[in-house]
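Structure first, then comments.
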Amino acid sequence: MHHPQPHISSSTSTSFPAAAAFDFKLAKRRGSYNCGRCGLPKKGHVCHLNSSTNPTSISTPTSSPSAVTVENSSSASRLPHAPAIRQSYTHLRRALSFDDIETRADSPERDLDGSNSPYPGTDLDPDNEMISGGLPAGCLWEVLRRLPPAGILAAASVCKGWRETTKRLWRAAEELRLMVPPRGQLRFIGSVLKKCPSLVRMSLKMESDVDATMLACIAFSCPNLESMEISTSNTAVNRITGDELGRFVADKRCLTSLKMEGCSNLGGFVLSSSSLSTLWLSDLYSLSKMVFNCPNLKEISLEFSRQENDTTDLTTMADGMGRSCPRLKNIHIASVRLSHAVVLSLTAANLRGLRMLSLVLGSEITDASVAAIASSYSKLELLDLSGSSISDSGIGMICNVFPNTLSRLLLALCPNITSSGIQFATAQLPLLELMDCGMTVCDPDSLNSPCDESGDNELPNALNNKLYLMYQKLIIKHSRLKKLSLWGCSGLDALCLNCPELNDLNLISCKNLHPERLLLQCPSLQNVHASGCQESLIGAIKGQVSDSLASLENQYQCKRLADGSKRVRAPDCLSQEAIDDKKRRKVVEQQCKVLVD
């Protein structure tokens with residue numbers, strides 16, 4: 001459920017810093033001394049190139065929102081031959097990324113791309129025009145479209161032909177990833193958005209406060225916006241209220257995806273949209289009302305603050321969400337106020353298409369909640385109950401209901417789970433590819449120290465039940481498991497893994513795991529996280545990983561000589577299958593990394 005989705009990013013290397021691009025002095029506006037077609041001096045010159053010549057084949061830009069995005073591949077860089085009549089750039093799109101470049105908006109606003117040029121109606125046609133110096137316009141386009149935004153801003157000040165080409169690049173952009181500086185944010189974002197009328201996807205990293213004025217600027221400048229993501233830095237504050245967010249969603253009829261961080265000032269909201277399919281809101285706090293009128297909503301993620309005085313009524317929210325969003329497939333709710341009543345409200349909604357359910361940090365979620373989930377949703381592919389109070393009995397119910405569908409099971413921070421339950425889950429779920437059991441099998445001594453300091457000698461009930469299981473062993477044999485997380489399982493002293501597809505293993509802070517009781521039979525292992533472990537255990541992990549690779553390297557077919565005297569390695573052609581040898585060589589080339597820091 002997390003997060004997810006790839007962006008097309010341009011190169012980050014440029015010889016012009018962004019600050020210099022914003023602070024240069026405005027040059028005197030005058031025409032070029034050279035011919036715009038052939039590059040020769042204009043004085044006494046009659047150009048031999050007329051408008052019928054076609055030095056390069058390239059289309060002209062359009063603001064159609066249905067055009068596809070150009071990808072940085074060889075197929076995308078080849079442009080189809082176009083006739084002499086001007087056509088539209090239906091496939092020339094680029095993603096603009098400001099993530100790795102420091103941009104400054106505190107300088108006076110300038111016409112960097114010539115949008116207020118004194119030469120209106122003189123756009124160059126790349127089909128039959130040549131820029132100053134004899135460079136074809138199509139060739140210049142291919143060069144400039146690979147530059148980061150700071151380079152494009154600097155290129156606009158070279159000459160008139162370059163400025164016109166950069167104008168087309170800005171107009172053709174469909175995706176924008178922008179880091180907004182702390183000062184002059186509204187003027188800066190307005191000057192950038194007016195250059196990109198065809199934007200459909202936008203991601204903003206805010207280093208300044210976000211308010212309704214910023215939201216109104218985005219709504220006015222991007223009429224065809226389909227996806228918007230707003231993330232905030234540690235110093236930025238999101239001041240958008242619930243009413244302002246509701247008006248924005250209702251006005252943007254093309255909006256399908258909305259992701260926003262720092263939503264602590266919403267207070268309450270009513271979201272009504274027939275196009276919205278993905279909604280992520282984080283840092284929610286004390287909401288008076290939460291109404292979702294989104295019939296096409298398929299994925300929702302709501303993360304609440306972990307403050308104990310949060311007064312949000314999650315039961316009413318879950319009941320309304322289930323009735324008004326019948327097409328939900330993925331649900332993620334993280335809150336310390338999650339309870340069994342919230343689970344019953346979700347199961348009563350009877351969401352037939354639900355495939356991923358994540359209810360995190362709900363300490364009041366018990367085995368009865370698991371039974372309700374299992375009886376209502378039998379086709380779950382992901383189940384995350386991290387931070388709940390389920391036990392091995394709840395794991396048994398999960399295994400009985402989801403053996404043919406469940407591929408990801410996350411049960412971190414569940415203190416009532418033992419190694420027996422983990423071992424049973426891996427044995428009964430054949431499709432399991434990811435399992436997180438962090439902080440489940442813990443050492444009671446390490447958890448008992450705060451009680452001793454407070455003078456209370458009584459252990460919690462969960463720890464009393466696990467005293468006799470102070471140190472446990474875990475044996476897992478699985479043919480499809482790819483990622484296993486046992487971080488913080490200080491109660492494990494023996495571990496045996498036989499997982500041929502396992503590529504990521506997390507053993508962070510497994511302090512009591514003995515090196516001589518560790519057995520890793522995982523030939524595909526690529527990363528082992530072992531920070532906080534003993535030095536002897538780290539050495540044992542490195543030794544077993546290197547031994548497994550060496551054993552794979554020596555697994556070649558051997559035959560005896562004709563007289564049976566000795567065994568020799570057979571040629572590759574005598575192997576069972578040449579394909580198996582190629583796969584073996586690829587596995588040998590992979591080096592497993594033991595990550596300590």
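Every value quoted in this text rests on a predicted model; they were computed, and no experiment measured them.
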Is the closest side-chain heavy-atom distance between [X] and [Y] below 4.5 Å?
X      : Y      : answer
Leu338 : Leu361 : no
Phe292 : Leu276 : no
Met356 : Arg408 : yes
Met260 : Leu245 : yes
Asp504 : His529 : yes
Leu302 : Leu314 : no
Leu297 : Leu328 : yes
Asn296 : Arg327 : yes

So, applying side-chain contact (heavy atoms from CB on, under 4.5 Å) with [X], which one of [options] is it?
X      : options                        : result
Leu497 : Leu519, Leu484, Leu518, Thr426 : Leu484
Thr440 : Ile422, Leu492, Thr418         : Ile422
Cys499 : Leu525, Leu520, Ile476         : Ile476

Can you give me the closest heavy-atom contact between [X] and [Y], atom names plus distance?
X      : Y      : result
Ile300 : Met321 : CD1-SD, 3.5 Å
Phe424 : Gly396 : CE2-CA, 4.0 Å
Asn238 : Gly262 : CB-O, 2.9 Å
Leu344 : Ala372 : CD2-CB, 3.9 Å
Pro500 : Ser524 : O-OG, 2.7 Å
Ser305 : Tyr285 : OG-CD1, 3.2 Å

Quick one: does any side-chain atom of [X] pair with a main-chain N or O of [Y] as donor and acceptor, under 3.5 Å?
X      : Y      : result
Thr312 : Leu287 : yes
Ser233 : Met206 : yes
Asn416 : Ser389 : yes
Asp211 : Arg239 : no
Glu433 : Ser407 : no
Asp283 : Cys263 : no
Gln472 : Ser419 : yes
His332 : Val360 : no
Asp310 : Ser286 : yes
Glu244 : Leu215 : no

Does Ile541 form a side-chain contact (heavy atoms from CB on, under 4.5 Å) with Leu505? I'd like the steps, not just the answer.
CA-CA 11 Å; Ile541 294 174; Leu505 176 62; over 6 Å; no

Judged by modelled atom types alone, do [X] and [Y] share a side-chain donor-acceptor pair under 3.5 Å?
X      : Y      : result
Asp319 : Ser345 : no
Trp280 : Glu303 : no
Thr241 : Asp243 : no

What distance separates [X] [atom1] from [Y] [atom2], expressed to the nearest 0.5 Å?
X      : Y      : atom1 : atom2 : result
Asn350 : Tyr377 : CG    : OH    : 6.5 Å
Thr232 : Leu204 : OG1   : CG    : 11.5 Å
Ile390 : Met397 : CD1   : CE    : 8.5 Å
Leu486 : Leu513 : CG    : CG    : 9.0 Å
Met439 : Ile508 : CE    : CD1   : 12.5 Å
Lys473 : Ser420 : NZ    : OG    : 9.5 Å

Is the shortest distance from a Lys or Arg side-chain nitrogen in Glu229 or Lys259 to a carboxylate oxygen in the other one below 4.0 Å?
no

Between Val270 and Lys289, is a side-chain contact (heavy atoms from CB on, under 4.5 Å) present by the stated rule, with each step listed?
CA-CA 8 Å; Val270 177; Lys289 61 179 178 179; 4.1 Å; yes

With a cut-off of 6.0 Å (strictly less than), are more than 12 heavy atoms of other residues, nucleotides or ligands near CZ of Arg355?
yes

Evaluate whether atom CD of Glu535 has more than 12 neighbouring non-hydrogen atoms of other residues, nucleotides or ligands under 6.0 angstrom away.
no

Residue pair Val441, Ile417: steps toward the side-chain contact (heavy atoms from CB on, under 4.5 Å) verdict:
CA-CA 7 Å; Val441 185; Ile417 292 177; 5.9 Å; no

